[in-house]
S.K.: 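Pasting in a structure now, in structure tokens, and then I'll have a few things to ask.
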Amino acid sequence: MEMERSNDITRRMTSMSRGGVEPARTGPAGVRGRAARVVGTLLLVFYLLILFVSSAAGRENGMPHPADPAANGNRGVAWYVEEGQRAIQRENFERAISVLQEGMERYPAEHSLGLMLGDLYEERRLYGAALDVYRTVDREVGEERAVVRRLAETYGRKGLDRDAAREFERLREIAPDDPKVLSDVAWIYYKLSRLEEAEALLLDALDRLGEDKSLLLSLGTVRSELLDYEGAEEAYRGAVDRAKEVDFPAFVAVAKYNLSLVERTFHNYDRALELTDESIEWAERASGFVARGDLHARRRELDEAVVSYRRAEELNPDMPLARLALARLHAEVGQLDEAERFLHAVEQTEPWQWIYDYGTDIQRHRMQVAQLRSRISEARAREVRLRAATGPFDWLRQRLERARLRITAWYHDRVYRSMARGVSDEYFERGAARAGSWTAFRANEPYRSVALRYLEEAREAELPRNPAAQVDYRFEEARLRKDRGELLSLLEELDSPWYRELREQTLRELALLENVGGEAGVYDRLVAELYRMNPGQLRVAGLKIAASVQVTAPGGSAGAEEALDGAREDQEAAAASSGAADAGSVDVRRLERALNAAGVVARSPDDAERTLDLVVSVEGDYVTAVLHPVEEGRRGADALRSVTVEVPDADRSRARAALSANAVVGELFRTRLRGGQVTGQ
């Protein structure tokens with residue numbers, strides 16, 4: 001519309017200027033003629049001014065105009081490059097794409113324009129569009145090194161490792177003596193479990209080209225997967241030495257981080273932590289802090305683990321491994337809302353540009369997410385079961401909610417195991433027997449005989465080179481077989497701080513076994529120790545805590561064993577009425593019953609096997625609970641946990657008692673972790 005209007009003005013102005021110069025007139029007509037000429041001249045000047053301003057604005061915005069030589073078909077490659085760069089710098093990406101696409105059409109054999117456009121897409125994480133551009137350029141220019149590299153790397157960032165390997169092999173043919181190229185080929189072979197090929201390629205390159213740091217780093221990674229401890233350590237140390245020679249601190253940090261993972265695989269945890277700290281000292285990278293967090297979590301130093309994970313998240317928000325670790329940790333300590341939040345953030349982290357730089361793939365990552373999603377839903381279902389109902393409608397709502405959560409957990413578990421079978425099949429296809437057997441074991445855990453067979457295959461493949469891993473295989477086999485004796489034997493051996501996480505898992509499995517047909521005293525001791533290590537684990541596993549329960553109120557007190565003796569309803573009501581204190585205070589008897597429903601198993605104060613005492617005090621609108629350890633038949637001086645909660649308003653004492661018990665027990669079983677953003681160490 002505006003262009004059409006401008007043309008109309010031009011024609012009108014032209015007719016005025018071509019009207020000819022009339023002789024001066026002395027009369028009114030002459031005056032009118034002179035006035036018309038003046039007006040015409042002013043309009044012409046105004047029109048030329050408009051054209052000049054429009055021309056300047058067009059050049060400023062990169063838009064051609066008739067006076068621009070480029071508008072006459074004289075645009076060269078240099079003009080498209082400069083114009084594209086100018087638009088990118090101004091973040092006018094639509095303009096940049098339009099210019100570069102036009103340039104590619106006019107100069108299809110000029111790969112610089114295609115690389116600019118593909119890089120623009122790649123930086124915006126539009127990997128599919130970037131691949132389309134790179135493939136188009138590749139068809140036009142042939143074996144161009146820069147184009148093939150970009151194809152290979154973009155396939156890798158998109159998680160298409162086989163396609164990436166094909167392009168890296170082409171790149172190797174173009175540059176057979178480039179250490180970086182050979183290192184990249186070995187890396188993609190490692191991700192595809194082509195370990196022997198990768199090792200042979202790297203050894204040949206090192207023999208021909210000398211000790212290059214990239215080649216040594218890749219060799220260490222390949223040998224670590226081959227469980228060649230000495231070979232991996234030697235290669236990584238060589239990479240560190242070469243990187244120090246050229247003053248490359250980030251490279252040193254990566255090499256030390258990788259070496260720390262090797263030490264962790266071979267259960268050399270003190271050395272692993274030392275190397276992780278050294279890696280962070282050379283360069284603060286997200287992966288280093290994730291590794292440090294994992295080691296603290298293994299020692300059950302939970303606050304330190306959270307600090308490290310949050311620092312990793314801050315350093316690299318695009319890499320979801322820290323958030324996945326935080327979700328897992330919060331789930332293990334019973335903070336399920338926080339676990340859900342972090343897991344949701346993990347699921348929103350796409351596309352997968354970080355995948356290429358880490359030794360995993362999209363399928364394995366999604367498999368871990370599905371497994372954790374299943375565990376969180378199952379834990380929520382158990383939590384609902386351990387919640388006292390405030391009335392019949394609440395009871396029905398809880399049952400429906402529990403059924404929904406169990407179905408959700410079942411669904412995600414099926415997804416996880418289906419993915420695990422696919423991953424294990426791919427491992428076997430690649431010849432990675434150990435990884436395939438271990439993943440198949442995980443996939444088939446519901447089928448004990450099948451799972452045990454795969455577990456034994458994985459053990460036979462790993463233990464000859466890594467004997468320290470025996471403890472992990474012993475635990476998994478005892479868990480599958482429900483072998484109380486082996487689990488108890490293992491528990492006695494797990495006295496190192498580095499095995500606290502495994503000790504916690506062993507305690508949980510034993511408590512679950514003793515809870516069904518086991519001895520009460522054994523169960524009590526197991527749960528008491530598990531509570532000391534991680535109170536939240538009891539709620540996650542659906543375990544009740546065994547304690548001598550006493551509830552006190554201003555008007556009297558009663559033992560839980562009396563309230564739970566199965567007496568007739570009218571006797572209980574009479575006892576509750578006499579035991580209650582002030583009007584509106586919590587019904588003590590009902591609170592005792594609600595505590596039992598919400599996760600506390602009552603033991604007699606005279607029971608010699610009891611290990612914990614729980615004293616609940618009711619003072620007006622507040623309920624205070626103190627959990628004490630029993631030492632030599634007496635209450636311990638230091639409380640394991642003390643909490644005070646406000647009783648919510650309710651009309652009926654039953655509802656008040658249930659709500660109070662839910663709040664009290666929820667706090668008793670909560671493991672508190674430091675949260676929030678961490679700005680530094």
Side-chain angles (χ1 to χ4, degrees), residues 227 260-273 276 290-306 308-309 324-334 368 371-372 375 379 434 437-439 441-442 445 451-452 454-456 458-459 462-463 466-515 522-523 525-543 671 673:
L227 296 178
S260 76
L261 298 184
V262 175
E263 299 290 358
R264 192 167 74 182
T265 298
F266 287 87
H267 291 231
N268 301 323
Y269 296 111
D270 288 316
R271 182 59 181 149
L273 182 58
T276 300
V290 171
R292 178 189 276 179
D294 290 344
L295 290 167
H296 282 304
R298 174 173 281 276
R299 292 173 62 97
R300 270 346 197 197
E301 296 165 347
L302 302 181
D303 285 339
E304 290 83 352
V306 170
S308 292
Y309 290 143
L324 185 62
L326 281 165
R328 185 182 296 110
L329 188 63
H330 281 285
E332 289 173 353
V333 302
Q368 294 173 350
Q371 181 187 37
L372 186 53
R375 289 177 176 175
R434 180 178 61 89
S437 296
W438 180 262
T439 311
F441 149 68
R442 288 298 189 195
E445 284 181 276
L452 286 170
Y454 282 119
L455 182 65
E456 185 60 28
R459 188 198 325 244
E462 180 169 6
L463 290 190
N466 186 14
Q470 173 74 314
V471 65
D472 299 319
Y473 287 99
R474 285 179 60 194
F475 168 75
E476 296 295 349
E477 182 177 0
R479 179 180 63 84
L480 278 177
R481 294 186 183 276
K482 302 186 185 302
D483 188 337
R484 286 183 173 87
E486 179 65 9
L487 288 170
L488 285 169
S489 175
L490 193 61
L491 193 65
E492 295 176 359
E493 301 173 22
L494 298 175
D495 55 355
S496 167
W498 289 111
Y499 289 109
R500 285 175 183 159
E501 182 180 14
L502 186 57
R503 184 177 182 85
E504 179 184 306
Q505 295 171 357
T506 305
L507 285 167
R508 181 194 62 207
E509 295 300 323
L510 278 167
L512 290 170
L513 291 174
E514 295 295 337
N515 194 30
V522 175
Y523 175 83
R525 288 192 295 272
L526 292 169
V527 170
E529 183 178 352
L530 184 57
Y531 185 90
R532 287 180 174 89
M533 293 185 68
N534 178 5
Q537 185 60 230
L538 272 66
R539 297 287 272 187
V540 171
L543 295 167
T671 300
L673 298 177

S.K.: Could you measure the distance from the OH atom of Y269 to the CG atom of L295? Nearest 0.5 Å is fine.
M.R.: 8.5 Å
S.K.: Do T439 and Y454 have side-chain heavy atoms sitting under 4.5 Å apart?
M.R.: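 They are not in contact (no side-chain heavy atoms under 4.5 Å apart), so the answer is no.
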S.K.: I need the H330 NE2 to L302 CG distance, nearest 0.5 Å.
M.R.: 10.0 Å
S.K.: May I ask you to say whether R503 pairs ionically with E529, meaning some side-chain N is under 4.0 Å from a carboxylate O?
M.R.: yes
S.K.: Ignoring hydrogens, what is the shortest heavy-atom contact between A511 and V527? Give both atom names and the distance.
M.R.: CB-CG2, 4.2 Å
S.K.: Is there a side-chain contact (heavy atoms from CB on, under 4.5 Å) between W498 and N268 once you walk through the steps?
M.R.: CA-CA 10 Å; W498 289 111; N268 301 323; over 6 Å; no
S.K.: Starting at CG of L480, measure out to CZ of F441 and round the result to the nearest 0.5 Å.
M.R.: 5.0 Å
S.K.: Using every non-hydrogen atom in the two residues, find where S437 and A458 come nearest and quote the distance to one decimal.
M.R.: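 Looking at all heavy atoms of both residues, the closest pair is CB-N, 3.6 Å.
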S.K.: Any chance you could measure L324, atom CG, to L372, atom CG, to the nearest 0.5 Å?
M.R.: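 Separation between the atoms: 6.5 Å.
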S.K.: Suppose the criterion is salt bridge (Lys or Arg N to Asp or Glu O under 4.0 Å): which pairs have a residue in residues 487-497, not counting sequence neighbours?
M.R.: R474-E493
S.K.: Going by the angle between their ring planes, with limits at 30° and 60°, are H267 and Y499 parallel, tilted or perpendicular?
M.R.: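 Tilted: the ring planes of H267 and Y499 meet at 30° to 60°.
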S.K.: Check Y309 against V290 and note the closest heavy-atom contact, atom names and distance.
M.R.: CE2-O, 3.5 Å
S.K.: Do R300 and E504 meet the salt-bridge criterion of a basic N to acidic O distance under 4.0 Å?
M.R.: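 The answer is yes: the pair qualifies as a salt bridge.
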S.K.: Report the C-alpha distance between R264 and L261 in whole Å, list the side-chain angles of each, state the deciding distance to 0.1 Å, and finish with yes or no for side-chain contact (heavy atoms from CB on, under 4.5 Å).
M.R.: CA-CA 5 Å; R264 192 167 74 182; L261 298 184; 3.7 Å; yes
S.K.: From L487 CG over to E477 CD, what is the distance, rounded to the nearest 0.5 angstrom?
M.R.: 10.5 Å
S.K.: Can you give me the closest heavy-atom contact between R508 and L543, atom names plus distance?
M.R.: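 So the minimum-distance heavy-atom pair works out to O-CD1, 4.5 Å.
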S.K.: When you check the side-chain N and O atoms of Y473 and E462, is any donor under 3.5 Å from an acceptor?
M.R.: yes
S.K.: What residues form a side chain to side chain contact (heavy atoms under 4.5 Å, CB included) with L488, not counting sequence neighbours?
M.R.: L510
S.K.: Checking side chain to side chain donor-acceptor pair (under 3.5 Å) between R479 and each of Q505, E509, E445, which is the one that passes?
M.R.: E445
S.K.: So do Q470 and P467 actually touch side chain to side chain, heavy atoms under 4.5 Å?
M.R.: no
S.K.: Tell me if a side-chain donor or acceptor on D483 pairs with a main-chain N or O of E486 at a distance below 3.5 Å.
M.R.: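 Checked: pair present.
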S.K.: Taking the side chain as C-beta and beyond, is there a heavy-atom pair between M533 and L507 under 4.5 Å?
M.R.: yes
S.K.: Salt-bridge test for E456 and R459: reply yes if a basic N is under 4.0 Å from a carboxylate O, no otherwise.
M.R.: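 Salt bridge present between E456 and R459.
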S.K.: Taking atom types as modelled, find out whether E304 and H296 have a side-chain donor-acceptor pair closer than 3.5 angstrom.
M.R.: no
S.K.: Please determine if R442 and E476 form a salt bridge, counting it only when a charged side-chain N lies under 4.0 Å from a carboxylate O.
M.R.: yes
S.K.: Measuring from N534:CG to T671:OG1, what's the distance to the nearest 0.5 Å?
M.R.: 4.0 Å
S.K.: Measure from the side-chain N and O atoms of N466 to the backbone N and O of L227, and report whether any donor-acceptor pair falls under 3.5 Å.
M.R.: no
S.K.: Salt bridge (charged side-chain N to carboxylate O under 4.0 Å, His left out), that's the test. Do R484 and E514 meet it? Break it down for me.
M.R.: CA-CA 9 Å; R484 286 183 173 87; E514 295 295 337; 3.2 Å; yes
S.K.: Of the non-hydrogen atoms in A305 and L329, which two are nearest, and what is the gap between them?
M.R.: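 Residues A305 and L329, closest heavy atoms: CB-CD2, 4.0 Å.
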S.K.: Short question: side chain of T276, backbone of R292 - any donor-acceptor pair under 3.5 Å?
M.R.: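 Judged by distance alone, no pair lies under 3.5 Å.
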S.K.: Of all heavy-atom pairs between A541 and L512, which one has the smallest distance, and what is that distance?
M.R.: O-CD2, 3.7 Å
